[in-house]
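Because the structure is a prediction, the values reported are computed rather than measured.
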Amino acid sequence: MSDVDYAAVLTAIRPGSEWTLNGDTYEGLTWLSDSPKPTKKTLDDAWPAVRYELAVAAVQKARLVRYRAESDPLFFEAQRGEAGVTIADWEAKVAQIKADLPMPTED
């Protein structure tokens, strides 16, 4: 089994192209678009950047869920002047979420 997600790579580097993928290997790729079929090397070479972008998107999504549930309420409570809640509380919660869900590093 290949560690390259060919469907993700094709979606990222050839948006709008038509193709099918039988299994998870390059050999299962049937190219349906009029443009030339990308080579295995082209797709393999694009994988690290696509994998990184997917990882960043996953962290951003996870952070958004936590911001909405944990930090946004603090922000609005501080804005309304509710007792015991400050902007510093909100900033600390945002920092904690970022620490809990760090951005990936590029390989």
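- For the pair Leu54 and Trp47, the tightest heavy-atom approach, listed with the atom from each and the gap, is CD1-CZ3, 4.3 Å.
- Proximity of Pro102 to Val59: side-chain heavy atoms (C-beta onward) are nowhere separated by under 4.5 Å.
- Pairs of residues two or more places apart, or lying in two chains, that qualify as salt bridge (Lys or Arg N to Asp or Glu O under 4.0 Å) and include a residue from residues 85-98 are Glu70-Lys93.
- Looking at Lys37, its side chain does come within 3.5 Å of a backbone N or O of Leu29 through a donor-acceptor pair.
- Looking at Lys40 and Asp44, a side-chain N of the basic residue comes within less than 4.0 Å of a carboxylate O on the acidic one, giving a salt bridge.
- The distance from the OH atom of Tyr67 to the CG atom of Asp72 is 9.5 Å, given to the nearest 0.5 Å.
- Note: Leu101 CG to Leu64 CG = 11.5 Å, rounded to the nearest 0.5 Å.
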Please walk me through it: do Thr20 and Leu32 pass side-chain contact (heavy atoms from CB on, under 4.5 Å)? CA-CA 8 Å; Thr20 63; Leu32 304 172; 3.9 Å; yes
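- Shown here are the side chain to side chain donor-acceptor pair (under 3.5 Å) partners of Gln60, two or more places apart in sequence or in another chain: there are none.
- Val94 and Val65 are assigned to two separate hydrophobic clusters, defined by single-linkage of ILVMFWY side chains at heavy-atom distances under 4.5 Å.
- Residue Ile13 holds its CD1 atom at 5.0 Å from CG of Leu43, rounded to the nearest 0.5 Å.
- Using a distance-only test at 3.5 Å, with no hydrogens or angles considered, no donor-acceptor pair links the side chain of Ser33 to the main chain of Ser35.
- Salt bridge status for Asp100 with Arg63: absent, with no side-chain N to carboxylate O gap under 4.0 Å.
- Of all heavy-atom pairs spanning Thr11 and Ala7, the tightest one is OG1-O, 2.8 Å.
- Environment of CG in Asp34: sparse, with no more than 12 heavy atoms of neighbouring residues, nucleotides or ligands closer than 6.0 Å.
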Intermediate values then yes/no, side-chain contact (heavy atoms from CB on, under 4.5 Å), Val9 and Val4: CA-CA 8 Å; Val9 173; Val4 176; 4.1 Å; yes
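- With rounding to the nearest 0.5 Å, the separation of OG1 in Thr30 from CH2 in Trp19 is 11.0 Å.
- Rounding to the nearest 0.5 angstrom, the gap separating the CZ atom in Arg14 from the OG1 atom in Thr42 is 7.5 Å.
- At most 12 non-hydrogen atoms from other residues, nucleotides or ligands lie less than 6.0 angstrom from CZ of Arg68.
- Taking the side chain as every heavy atom from C-beta outward, Trp31 and Ser17 approach each other to under 4.5 Å.
- Rounding to the nearest 0.5 Å places CG of Leu10 at 9.0 Å from OH of Tyr26.
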